[in-house]
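This one's a predicted model, so the numbers in the text were calculated from it and none came from an experiment. Along the sequence shown, residues carry numbers from 1.
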Amino acid sequence: MNDEANARHEEEAIIAMLMMRAKALGEKNAAEALSYEAEDSVEFSLAPPLVSTGKDEAGLQAWFDTWEGPIGGEVRDAKLTVGGDVAFWSGLLRMIGTKTDGTEVDLWFRQTLGLVKKDGHWIVAHQHASVPFAMDGSGRALLDLKP
């Protein structure tokens, strides 16, 4: 396989993995979602703490349990860069759904994923999600921004 064909093959493998992971997240299947992550993954999430390491199936499932029905969404401005056995994905994600307390969620946020290829499979080794905040000193998260 030539370099261009190999690069296309790796990109397709990563996108397929990310689609299966997104499906598991939307269906609130913690075990399946975490199967696409490295055992020693690092996460900088929207929710506390500042950093999490490793897989926390119970914690993820507890968060899923705060949602009624599936969690929907969409992706915009996605970019994937592959180099050997590492890759980086970034994009804007929209999270849509209803919380168990009736709150309607419609939130855009930024996400960057660091991926590694282990034993022939691509997995997420690093994730960072964020929302912008007001630079006026209030520290207020700007949750109403749209792309």
Side-chain angles (χ1 to χ4, degrees), residues 7-119 121-147:
R8 245 188 339 270
H9 172 76
E10 296 299 344
E11 287 176 8
E12 289 170 359
I14 291 168
I15 291 167
M17 180 276 290
L18 291 174
M19 295 297 289
M20 291 183 294
R21 180 176 175 265
K23 182 177 186 285
L25 290 167
E27 293 174 349
K28 303 186 302 188
N29 184 334
E32 177 73 13
L34 293 174
S35 74
Y36 302 105
E37 293 187 15
E39 291 297 327
D40 60 349
S41 65
V42 175
E43 181 176 3
F44 299 99
S45 171
L46 294 174
L50 286 173
V51 63
S52 299
T53 56
K55 298 180 181 185
D56 179 10
E57 185 175 339
L60 182 57
Q61 191 60 56
W63 181 73
F64 284 158
D65 292 344
T66 67
W67 292 82
E68 285 292 333
I71 303 169
E74 67 179 284
V75 176
R76 290 216 189 140
D77 302 332
K79 182 177 180 188
L80 176 63
T81 303
V82 182
D85 289 343
V86 297
F88 292 92
W89 180 95
S90 64
L92 299 175
L93 276 72
R94 185 179 188 192
M95 184 173 17
I96 306 166
T98 304
K99 303 294 276 186
T100 55
D101 67 1
T103 301
E104 296 289 330
V105 175
D106 186 350
L107 168 70
W108 283 95
F109 63 98
R110 308 171 288 201
Q111 186 169 59
T112 301
L113 302 174
L115 307 149
V116 295
K117 189 174 184 182
K118 288 193 177 183
D119 301 323
H121 300 284
W122 287 98
I123 56 175
V124 177
H126 177 96
Q127 6 184 358
H128 186 160
S130 66
V131 295
F133 67 93
M135 301 299 288
D136 60 5
S138 69
R140 180 178 53 90
L142 299 175
L143 304 178
D144 58 347
L145 298 178
K146 311 265 185 276

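- In terms of the side chain to side chain donor-acceptor pair (under 3.5 Å) criterion, residue partners of Lys117 (sequence neighbours excluded) are, by chain and number, Glu10.
- In this structure, the side chain to side chain donor-acceptor pair (under 3.5 Å) partners of Gln127, at least two apart in sequence or on a different chain, are Arg21, Glu37.
- Applying the side chain to side chain contact (heavy atoms under 4.5 Å, CB included) criterion to Ala13, with sequence neighbours excluded, gives Trp122.
- Applying the side chain to side chain donor-acceptor pair (under 3.5 Å) test to Glu11 and every residue at least two apart in sequence or in another chain returns nothing.
- For Asp119, the side chain to side chain contact (heavy atoms under 4.5 Å, CB included) test picks out no residue, with sequence neighbours left out.
- Residue pairs meeting the ring pair (Phe, Tyr, Trp, His ring centres under 6.0 Å) criterion with at least one partner in residues 14-34, sequence neighbours excluded, are absent.
- Residues that satisfy the side chain to side chain donor-acceptor pair (under 3.5 Å) test with Glu104, not counting sequence neighbours, are Thr98.
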Tell me which donor-acceptor pairs under 3.5 Å the side chains of residues 71-93 have, and how far apart each pair is, sequence neighbours excluded?
| residue | atom | partner | partner atom | Å |
| --- | --- | --- | --- | --- |
| Glu74 | OE1 | Arg76 | NE | 3.4 |
| Glu74 | OE2 | Arg94 | NH1 | 2.9 |

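- Under the ring-ring contact (aromatic ring centres under 6.0 Å, His included) criterion, His128 pairs with Phe44, not counting sequence neighbours.
- Contacts classified as salt bridge (Lys or Arg N to Asp or Glu O under 4.0 Å) and involving residues 47-69 (residues at least two apart or in different chains) are given here: Glu39-Lys55.
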Return a table of donor-acceptor pairs under 3.5 angstrom between the side chains of residues 129-147 and protein atoms on other chains or two or more places apart.
| residue | atom | partner | partner atom | Å |
| --- | --- | --- | --- | --- |
| Ser130 | OG | Arg110 | NE | 3.1 |
| Ser130 | OG | Arg110 | NH2 | 3.2 |
| Asp136 | OD1 | Ser138 | N | 2.9 |
| Asp136 | OD1 | Ser138 | OG | 2.7 |
| Ser138 | OG | Arg140 | N | 3.2 |

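- For Lys99, the side chain to side chain contact (heavy atoms under 4.5 Å, CB included) partners two or more places apart in sequence, or in a different chain, are Trp63, Thr66, Trp67, Asp101, Thr103, Val105.
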